[in-house]
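Every chain is numbered from 1 and lettered A, B, ... according to where its sequence line falls, protein lines coming before strand lines.
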Amino acid sequence: MLYQSGSPLASLHTSVLEWYDANARVLPWRDPAAGPWAVMVSEFMLQQTPVARVLPAYQRWLERWPKPADLAAEPPGEAVRAWDRLGYPRRALRLHAAAQAIVERHGGEVPDDHAALLALPGVGTYTAAAIASFAFGQRHAVVDTNVRRVLARALTGVAQPTISPTAADQRLAVTALPEDVRTAARWAVASMELGALICTARTPRCGDCPIRSQCAWVLAGSPPYEGPPRKGQTYEGTDRQVRGRLLAVLRSEHGAVPKKALDACWQDHVQRERALDGLVADGLVEPLPRNQYRLPT
DNA sequence: TACTCGTGGCT
DNA sequence: TAGCCAAGAGT
């Protein structure tokens with residue numbers, strides 16, 4: 001007996017799990033043969049980057065580095081180059097460092113222990129739970145932006161979750177987690193998928209939602225968002241844009257790049273220098289003698 | 001806590 | 001069109 005029959009949560013679980021079985025996307029990291037390293041690579045790439053853009057980079061990455069030790073043996077700059085235009089290239093550096101840590105601490109195998117995962121570079125609360133749940137079938141609250149939104153609507157009855165993750169979100173997700181281990185692991189991926197495909201941020205497809213008859217937000221008449229305004233991410237003219245341009249040049253060149261080539265990226269001298277210094281400080285760029293730069297070796 | 005950190009598709 | 005948004009982590 002997995003559920004107390006008649007329990008509202010049990011009904012929610014059943015509806016979402018049945019929907020997932022019929023509607024889940026076929027994604028390579030969900031293949032049972034994919035393995036923990038493949039799951040881990042996908043989770044790093046999917047941090048703030050949409051699935052469609054991750055797919056090709058993911059395939060190339062695993063083809064080139066099928067095991068953590070393969071990546072760990074290469075210079076970090078190769079990880080940054082292979083990261084291509086996924087964005088937030090520090091993730092590439094962290095994935096490389098995590099691969100090295102896996103070789104040093106765990107004999108080259110992705111650990112199945114939540115605490116050990118959390119101790120790896122670039123692995124936070126979400127990613128540790130995701131790897132433990134998706135790759136090892138463990139029972140964890142896997143709380144990403146999709147799950148926060150689904151729970152905010154279905155259980156709390158508001159249009160959007162809070163702007164940043166809170167301890168309350170985590171507690172709510174733990175409360176909503178099925179007791180049975182295997183069911184919990186399926187619920188983790190299924191509730192996330194529901195948020196990605198149906199219970200979307202902008203225009204949720206409530207007409208296709210398997211839990212619309214149980215959704216606290218829908219039952220309340222789908223009231224609009226009331227919270228504080230979400231501040232938009234500006235990008236034009238930011239240091240991030242400059243960093244992106246500088247790094248794009250360095251990715252395309254395999255050797256040393258003269259500073260003059262980097263100077264052509266951006267007019268504002270002060271901002272350009274600040275961005276370049278930041279890249280060096282982050283370990284994404286290596287300064288060389290004679291005013292030259294390259295990806296880290 | 002609030003901020004930083006890329007990139008590009010979608011509405 | 002121009003925001004809005006995307007499987008967050010680190011500081």
Side-chain angles (χ1 to χ4, degrees), chain A residues 20 24-25 27-30 38-58 80 83-95 97-98 117-135 140-150 159-167 169-170 173 188-197 199-205 225 228-251 265 271 274-275 277-279 281-285:
Chain A
Y20 181 78
R25 291 170 291 181
L27 298 171
W29 45 86
R30 288 181 181 165
V39 171
M40 181 168 163
V41 170
S42 77
E43 288 305 331
F44 270 71
M45 291 185 169
L46 288 164
Q47 289 168 3
Q48 300 287 281
T49 301
V51 166
R53 207 177 326 149
V54 162
L55 284 168
Y58 166 88
V80 174
W83 199 254
D84 197 31
R85 301 184 70 80
L86 290 181
Y88 293 150
R90 292 188 296 188
R91 290 180 294 163
L93 235 36
R94 292 178 186 140
L95 181 52
L117 287 166
L118 197 53
L120 296 173
V123 177
T125 307
Y126 161 77
T127 302
I131 296 171
S133 179
F134 302 161
H140 295 281
V142 182
V143 186
D144 76 327
T145 186
N146 290 306
V147 170
R148 291 200 327 116
R149 190 171 54 248
V150 168
Q160 301 286 349
T162 55
I163 293 175
S164 46
T166 64
D169 296 334
Q170 200 69 29
V189 68
S191 55
M192 193 176 305
E193 189 78 337
L194 186 69
L197 298 184
C199 194
T200 55
R202 211 91 62 94
T203 50
R205 301 167 52 195
Y225 176 68
R230 303 170 174 265
K231 51 188 182 88
Q233 326 162 312
T234 54
Y235 182 63
E236 259 334 282
T238 61
D239 284 9
R240 291 152 85 172
Q241 183 180 24
V242 186
R243 287 166 60 108
R245 288 195 184 183
L246 293 170
L247 209 56
V249 172
L250 289 158
R251 274 198 311 265
C265 289
Q271 188 177 24
R274 185 172 64 230
D277 288 347
L279 288 170
D282 287 344
L284 284 162
V285 173

If we ignore hydrogens and angles and just use 3.5 Å, is the side chain of A/Arg148 paired with the main-chain N or O of A/Pro161 as donor and acceptor? no
In the 5' to 3' direction, the nucleotides of DNA chain C bounding the stretch that comes under 4.0 Å of a heavy atom in chain A are C/dG3 to C/dG10
Apply side chain to side chain contact (heavy atoms under 4.5 Å, CB included) to the pair A/Val285 and A/Leu246, showing each step before the final yes or no. CA-CA 9 Å; A/Val285 173; A/Leu246 293 170; over 6 Å; no
Whole-Å distance between B/dC5 C1' and A/Arg90 CZ? 4 Å
Hey, does A/Gly124 reach any base, or is it just sugar-phosphate, or nothing, if we go heavy atoms under 4.0 Å? sugar-phosphate
Distance check, P atoms only: B/dT4 and C/dA7, in whole angstrom units. 23 Å
Whole-Å distance separating the CZ atom of A/Arg53 from the C1' atom of B/dG6: 8 Å
Hey, does A/Leu95 reach any base, or is it just sugar-phosphate, or nothing, if we go heavy atoms under 4.0 Å? nothing
Toward the 5' end of DNA chain C, by each residue's nearest nucleotide, A/Leu118 or A/Leu27: A/Leu27
Say whether A/Thr200 and A/Arg149, considering side chains only, have a donor N or O and an acceptor N or O under 3.5 Å apart. no
Please assess A/Val51 against A/Trp29 for the test side chain to side chain contact (heavy atoms under 4.5 Å, CB included), listing each intermediate value before the final yes or no. CA-CA 11 Å; A/Val51 166; A/Trp29 45 86; 4.1 Å; yes
Using whole Å, what does the distance between atom P of nucleotide B/dC5 and atom CZ of A/Arg245 come to? 16 Å
Would you kindly give the CZ-to-P distance between A/Arg202 and B/dG9, to the nearest whole Å? 14 Å
What contact category does A/Trp29 fall into here, base, sugar-phosphate, or nothing, at under 4.0 angstrom with non-hydrogen atoms? base
Separation of the P atoms in B/dG8 and C/dA9, to the nearest angstrom: 23 Å
Just checking, is any N or O donor in the side chain of A/Gln47 or A/Tyr126 under 3.5 Å from an acceptor N or O on the other one? no
A/Pro89 near the nucleic acid: base, sugar-phosphate alone, or nothing, with a heavy-atom cut-off under 4.0 Å? sugar-phosphate
Going by heavy atoms in the side chains, are A/Cys265 and A/Val249 under 4.5 Å from each other? yes
What residues, two or more places apart in sequence or in another chain, satisfy side chain to side chain donor-acceptor pair (under 3.5 Å) together with A/Thr49? A/Arg91
Taking only heavy atoms on the protein side, list every residue of residues 231-243 of chain A lying under 4.0 Å from any atom of DNA chain C, sorted numerically. A/Gly232, A/Gln233
How is A/Arg149 classified with respect to the nucleic acid when contacts are heavy atoms under 4.0 Å: base, sugar-phosphate, or nothing? sugar-phosphate
Run A/Tyr88 and A/Gln48 through side chain to side chain contact (heavy atoms under 4.5 Å, CB included) and show every step you take. CA-CA 9 Å; A/Tyr88 293 150; A/Gln48 300 287 281; 3.8 Å; yes
List the steps and the verdict of side chain to side chain contact (heavy atoms under 4.5 Å, CB included) for A/Trp83 and A/Arg90. CA-CA 10 Å; A/Trp83 199 254; A/Arg90 292 188 296 188; over 6 Å; no
Nearest-nucleotide 5' precedence on DNA chain B, A/Leu247 against A/Ser164: A/Ser164
When you match A/Arg30 and A/Gly122 each to their closest nucleotide on DNA chain C, which lands nearer the 5' end? A/Arg30
Regarding A/Ala201, tell me which of base, sugar-phosphate or nothing describes its non-hydrogen contacts under 4.0 Å with the strands shown. sugar-phosphate
Heavy atoms only: give me the nearest A/Ala98-A/Leu120 pair and the separation to one decimal. O-CD2, 4.2 Å
Pick base, sugar-phosphate or nothing for A/Arg85, based on heavy-atom distances below 4.0 Å to the nucleic acid. sugar-phosphate
Protein-nucleotide distance (A/Trp83, atom CH2; B/dG6, atom P), rounded to Å: 12 Å
How close or far is atom P of B/dA2 from atom CD1 of A/Ile163, stated in whole angstroms? 9 Å
Rounding to the closest angstrom, what is the interatomic distance between C/dT11 and B/dT1 at atom C1'? 11 Å
Measure CG/A/Leu246 against P/B/dT7 and give the value in whole Å, please. 10 Å
